[in-house]
S.K.: 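If you scroll down you'll find the structure; I have some questions about it.
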Amino acid sequence: MSATTPFPSLSEDASQAMAHVDGRRLIGLQRALANFGGREDGGVAREALTAAEREARRWLLQQVTGPRYSWHIDAAANLFLRRAGTDDSLPPVMTGSHIDTQPVGGWLDGAYGVIAGLEALLALDAAGIETRHPIELAIWTNEEGSRFSPGAMGSSAFVEPASLAASLLSTDAEGVRFEIERDTSVAAVPEASNVPLGRPVQAYVEAHIEQGPILEASGCRLGVVTGIQGVRWFEITVRGSSAHAGTTPLDNRRDALMTAATMVGRIGEMAVSLKDPALRLTVGRFEAAPGAINTVADRVTFTIDLRHPEDAVLAACERRIREIVAEGTGTCVAEVGRLMQRAPTIFANEVVSIVEAAVVASGEPYCRIVSGAFHDAMHLADHCPSAMLFVPSHGGISHNAAEDTDEADLIEGARVLAGVLVELSR
């Protein structure tokens, strides 16, 4: 694919950095990280701020030495490896991702962005490249949100430090507070000096596996990510009246479940009728009360996860969902509550163009793509010019022990990332 907008040519230093990426070292580091929380089925169980994640952080600290490097940590337990610049007073260029997983995840996910960033720094060392801006590798805390809610705690607190107060009170399923585990994880890396949340950043670029099937299906080995689709979450509650299943005629019932099921069907038909390949609509939870086999349900709640790259489409779909609910209550009553809303993230063209230039220089087939999943870059984009780079996922599988990407694609992504970091930090 050729670019649709002009993008800069790469400097000689950027090309040299790309050439010095050591593929064998990259894959070795990636496999070694997967051992922390690794399972026999190839999956990884390394939830945020667990002993396994702390051990992985300690291991990362041991992979880099030398006078130009230093480790830092902030109040959200975000961990940073800093490579000094020739003008170290300048704000850093950042890359990175997260190493926490779902209860059972794969060997890549966000961990790829961390290892690709580490390999990019080592490639700069091998090529003898100095950069004007410092470069920092970020390991963001609790991106997945599977142990503590909400997700992306670390990156969101970095961008909005006031949000940390609520996160500190979050507890896991065992009642353990985030604040306690945060303190334990900070104490586990005494070599890391404290840095403040919200400090200036020159630019941010995050490498990640796609976690979807688009790149693989299109034959693209690299994805230039131009943004992250917007999302709106809803909870719909339908109230009827419980009644005996054997004695109450159908036309005498106020059946909340049948009413809700009809709504779900109509909402699904509405989404299909739009014939918009970018639209995503998911009913992820459907709960009926009292939940007895021989009792008509008097209360049903179900959720909708609605996503699209354009806010206007999200707004139009929300209006139609509310209309369908209002029109379909019958003898029941219903209400729609919006649980969450996030506008589409549009990445900075000046960073996207540099990513695209490095991708073109790689000579590999690529696509421009919008991310369907949330990433730490979504929050960093509110703080500094940001972008992402994707590599394909086999079958689009992620958050699963079967998650995988060809080693050649992982190496190519790291090469591109190295070139991008040089260009951004000149």
S.K.: Identify the heavy atoms of Leu49 and Ala77 that sit nearest to each other, and give their distance.
M.R.: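 So the minimum-distance heavy-atom pair works out to CD2-CB, 4.5 Å.
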
S.K.: For Cys317 and Met270, which heavy atoms make the closest approach, and how far apart are they?
M.R.: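 Where Cys317 meets Met270 most closely, the heavy atoms are O-CE, 4.2 Å.
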
S.K.: Any heavy-atom pair between the side chains of Leu169 and Phe178 that's under 4.5 Å?
M.R.: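 Not touching, per the 4.5 Å side-chain cut-off.
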
S.K.: Indicate whether the side chain of Glu364 and that of Tyr366 have a donor and an acceptor atom separated by less than 3.5 Å.
M.R.: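 Distance-only check fails for Glu364 and Tyr366.
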
S.K.: Testing Leu137, Leu79, Ile115, Leu81 for side-chain contact (heavy atoms from CB on, under 4.5 Å) with Leu60, which one passes?
M.R.: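 Of all the options given, the one that passes is Ile115.
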
S.K.: Could you grab the distance from atom CG of Leu124 to atom CE of Met18, nearest 0.5 Å is fine?
M.R.: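 One gets 12.0 Å once the value is rounded to the nearest 0.5 Å.
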
S.K.: For a quick test of reading the model, state the closest non-hydrogen atom pair linking Pro200 to Pro92 and the distance between them.
M.R.: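 Residues Pro200 and Pro92, closest heavy atoms: O-CD, 3.4 Å.
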
S.K.: Find out whether Leu121 and Ile135 are in side-chain contact, i.e. whether some heavy atom of one side chain is under 4.5 Å from a heavy atom of the other.
M.R.: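 Yes, at least one pair of side-chain atoms sits under 4.5 Å.
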
S.K.: Which heavy atom of Leu164 sits nearest to which heavy atom of Ala157, and what is that distance?
M.R.: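 So the minimum-distance heavy-atom pair works out to CB-CB, 4.1 Å.
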
S.K.: Ignoring hydrogens and angles, state whether a donor on the side chain of Trp233 or Asp305 is under 3.5 Å from an acceptor on the partner side chain.
M.R.: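 Yes, Asp305 and Trp233 have a side-chain donor paired with an acceptor closer than 3.5 Å.
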
S.K.: State whether the number of non-hydrogen atoms from other residues, nucleotides or ligands found under 6.0 Å of Ile180 atom CD1 is greater than 12.
M.R.: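 More than 12 heavy atoms, drawn from other residues, nucleotides or ligands, come within 6.0 Å of this atom.
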
S.K.: Regarding Ser11 and Glu423, do their side chains bring together a donor and an acceptor under 3.5 Å, going by distance alone?
M.R.: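 The answer is yes; a qualifying pair exists.
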
S.K.: Holding to salt bridge (Lys or Arg N to Asp or Glu O under 4.0 Å), I want the full list of residues that pass it with Glu350, two or more places apart in sequence or in another chain.
M.R.: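 Residues passing salt bridge (Lys or Arg N to Asp or Glu O under 4.0 Å) with Glu350: none at all.
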
S.K.: Quick one: do the His394 and Asp406 side chains pair a donor with an acceptor below 3.5 Å?
M.R.: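 Yes, because at least one side-chain N or O of His394 sits under 3.5 Å from a partner of the opposite role on Asp406.
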
S.K.: Flag this pair as yes if the NZ/CZ of Arg177 is under 6.0 angstrom from the six-membered ring centre of Phe148 and inside a 45 degree cone about the axis; otherwise no.
M.R.: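 The answer is no; the distance or angle limit is not met.
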
S.K.: Run through Leu108, Ile411, Leu222 and flag the one making a side-chain contact (heavy atoms from CB on, under 4.5 Å) with Val391.
M.R.: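 Among Leu108, Ile411, Leu222, the one that satisfies the side-chain contact (heavy atoms from CB on, under 4.5 Å) with Val391 is Leu222.
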
S.K.: Is it true that Asp22 and Arg24 have a side-chain N and a carboxylate O under 4.0 angstrom from each other?
M.R.: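 So Asp22 does not pair with Arg24 through a salt bridge.
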
S.K.: Find out whether His98 and Ile139 are in side-chain contact, i.e. whether some heavy atom of one side chain is under 4.5 Å from a heavy atom of the other.
M.R.: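 Sidechains of Ile139 and His98: no contact.
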
S.K.: Ring centroids only, cut at 6.0 angstrom: are His375 and Phe390 within range, meaning strictly under it?
M.R.: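 Centroid separation for His375 and Phe390: below 6.0 Å.
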
S.K.: How long is the gap from OG on Ser149 to CG on Asp172, to the nearest 0.5 Å?
M.R.: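 If I round to the nearest 0.5 Å, the distance is 11.5 Å.
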
S.K.: Please find the pair of heavy atoms, one from Arg46 and one from Ala56, that lie closest to each other, and give the distance.
M.R.: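 Closest approach of Arg46 to Ala56: CD-CB, 4.0 Å.
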
S.K.: Which value, rounded to the nearest 0.5 Å, describes the distance between Gln30 atom CD and Asn35 atom CG?
M.R.: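 Rounded to the nearest 0.5 Å, the CD-CG separation comes out at 11.5 Å.
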
S.K.: Is Glu191 paired with Arg58 through a side-chain N to carboxylate O contact shorter than 4.0 Å?
M.R.: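 Salt bridge between Arg58 and Glu191, a charged N being under 4.0 Å from a carboxylate O: yes.
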
S.K.: Passes side chain to side chain contact (heavy atoms under 4.5 Å, CB included), Gln341 versus Val231? Steps please.
M.R.: CA-CA 6 Å; Gln341 177 177 354; Val231 63; over 6 Å; no

S.K.: As a quick check of understanding, evaluate side chain to side chain contact (heavy atoms under 4.5 Å, CB included) for Asp125 and Tyr69, giving each step before the final call.
M.R.: CA-CA 11 Å; Asp125 292 345; Tyr69 286 104; 2.7 Å; yes

S.K.: Less than 4.0 Å between a side-chain N and a carboxylate O, is that true for Arg239 and Glu335?
M.R.: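 A salt bridge is present here (some side-chain N lies under 4.0 Å from a carboxylate O).
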
S.K.: Enter the distance from Arg285:CZ to Ile236:CD1 here, rounded to the nearest 0.5 Å.
M.R.: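 Spacing of CZ (Arg285) from CD1 (Ile236) equals 11.5 Å.
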
S.K.: Any side-chain heavy-atom pair from Gln16 and Ile129 closer than 4.5 angstrom?
M.R.: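 Gln16 reaches Ile129 side chain to side chain.
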
S.K.: Just to verify, what does Arg132 make a salt bridge (Lys or Arg N to Asp or Glu O under 4.0 Å) with, not counting sequence neighbours?
M.R.: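 Testing Arg132 for salt bridge (Lys or Arg N to Asp or Glu O under 4.0 Å), a comparison that skips the adjacent residues, returns none.
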
S.K.: Show the numbers, then the answer: is there a salt bridge (charged side-chain N to carboxylate O under 4.0 Å, His left out) between Glu53 and Arg57?
M.R.: CA-CA 6 Å; Glu53 199 208 31; Arg57 287 176 172 225; 3.7 Å; yes

S.K.: Excluding sequence neighbours, so at least two apart, what forms side chain to side chain donor-acceptor pair (under 3.5 Å) with Asp13?
M.R.: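 Not a single residue meets the side chain to side chain donor-acceptor pair (under 3.5 Å) criterion with Asp13.
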
S.K.: Measure the spacing between CD of Gln202 and SG of Cys384 and express it to the nearest 0.5 Å.
M.R.: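 So the CD of Gln202 and the SG of Cys384 are separated by 8.5 Å.
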
S.K.: Would you say the side chains of Glu136 and His72 form a donor-acceptor pair under 3.5 Å?
M.R.: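 No, His72 and Glu136 have no side-chain donor paired with an acceptor closer than 3.5 Å.
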
S.K.: Under 3.5 Å, is there a donor on one side chain and an acceptor on the other for Asp109 and His208?
M.R.: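 Present: a donor and an acceptor within the cut-off.
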
S.K.: Start with the C-alpha distance between His308 and Arg280, add both sets of side-chain angles, then the distance that settles side chain to side chain contact (heavy atoms under 4.5 Å, CB included), and finish with yes or no.
M.R.: CA-CA 6 Å; His308 197 274; Arg280 304 287 186 269; over 6 Å; no

S.K.: Got a salt bridge between Glu327 and Arg320, using NZ or NE/NH1/NH2 to carboxylate O under 4.0 Å?
M.R.: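 Answer for the salt bridge query: yes.
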
S.K.: Should Met378 and Arg342 count as side-chain neighbours, where that means a heavy-atom distance under 4.5 Å?
M.R.: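 Contact flag for Met378/Arg342 side chains = yes.
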
S.K.: Does Trp107 have its ring centroid less than 6.0 Å away from the ring centroid of Tyr112?
M.R.: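 Ring centroids of Trp107 and Tyr112 are no less than 6.0 Å from each other.
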
S.K.: For Cys332, enumerate each residue passing the disulfide bond (SG atoms under 2.5 Å apart) test, keeping only those at least two apart in sequence or located in another chain.
M.R.: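 None.
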
S.K.: What I'd like to find out is whether the side chain of Leu215 reaches to under 4.5 Å of the side chain of Cys367, using heavy atoms alone.
M.R.: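 They are in contact (side-chain heavy atoms under 4.5 Å apart), so the answer is yes.
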
S.K.: State the CZ-OG distance between Arg182 and Ser167, to the nearest 0.5 angstrom.
M.R.: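 Between atom CZ of Arg182 and atom OG of Ser167 there are 10.5 Å.
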
S.K.: Under a plain distance cut-off of 3.5 Å, with no hydrogens placed, do Glu403 and Ser398 share a side-chain donor-acceptor pair?
M.R.: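 Yes, Glu403 and Ser398 have a side-chain donor paired with an acceptor closer than 3.5 Å.
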
S.K.: On a heavy-atom basis, which atom in Ala387 and which in Val225 lie closest, and how many Å separate them?
M.R.: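 Heavy atoms only, the tightest pair is CB-O, 4.4 Å.
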
S.K.: Apply side chain to side chain contact (heavy atoms under 4.5 Å, CB included) to residues Asp74 and Asn194 and explain how you reach the verdict.
M.R.: CA-CA 5 Å; Asp74 64 23; Asn194 292 326; over 6 Å; no

S.K.: Run the salt-bridge test on Glu318 and Arg322 with the 4.0 Å N-O cut-off and return the result as yes or no.
M.R.: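 Yes.
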
S.K.: ring-ring contact (aromatic ring centres under 6.0 Å, His included) for His383 and Phe158? Distances and angles first, verdict last.
M.R.: CA-CA 9 Å; His383 187 68; Phe158 182 87; 5.5 Å; yes

S.K.: Do Glu47 and Arg147 meet the salt-bridge criterion of a basic N to acidic O distance under 4.0 Å?
M.R.: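 No, Arg147 and Glu47 are not salt-bridged.
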
S.K.: Mind checking salt bridge (Lys or Arg N to Asp or Glu O under 4.0 Å) for Glu407 and listing every partner two or more places apart, or none if nothing turns up?
M.R.: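 With neighbours one apart ignored, the set is Arg31.
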
S.K.: So does Arg299 pair up with Glu287, basic N to acidic O under 4.0 Å?
M.R.: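 No, no charged N to carboxylate O under 4.0 Å.
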
S.K.: Considering residues at least two apart in sequence or located in another chain, which fulfil the salt bridge (Lys or Arg N to Asp or Glu O under 4.0 Å) criterion with Asp87?
M.R.: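 Once residues adjacent in sequence are excluded, Asp87 has no partner under the salt bridge (Lys or Arg N to Asp or Glu O under 4.0 Å) criterion.
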
S.K.: Does the side chain of Glu206 pick up a donor-acceptor pair with the side chain of Ser97 at under 3.5 Å?
M.R.: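 Result is yes, a qualifying pair exists.
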
S.K.: State whether Glu412 and Arg415 are salt-bridged, where the test is any N-O pair (Lys NZ or Arg NE/NH1/NH2 against Asp/Glu carboxylate O) under 4.0 Å.
M.R.: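 Arg415 and Glu412: salt-bridged.
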
S.K.: Does Met263 reach the side chain of Ile321, with side-chain heavy atoms less than 4.5 Å apart?
M.R.: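 SC-SC contact between Met263 and Ile321 ruled out.
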
S.K.: Any side-chain heavy atom of Ile354 within less than 4.5 Å of one from Leu424?
M.R.: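 Side chain of Ile354 against side chain of Leu424, heavy atoms only: contact under 4.5 Å found.
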
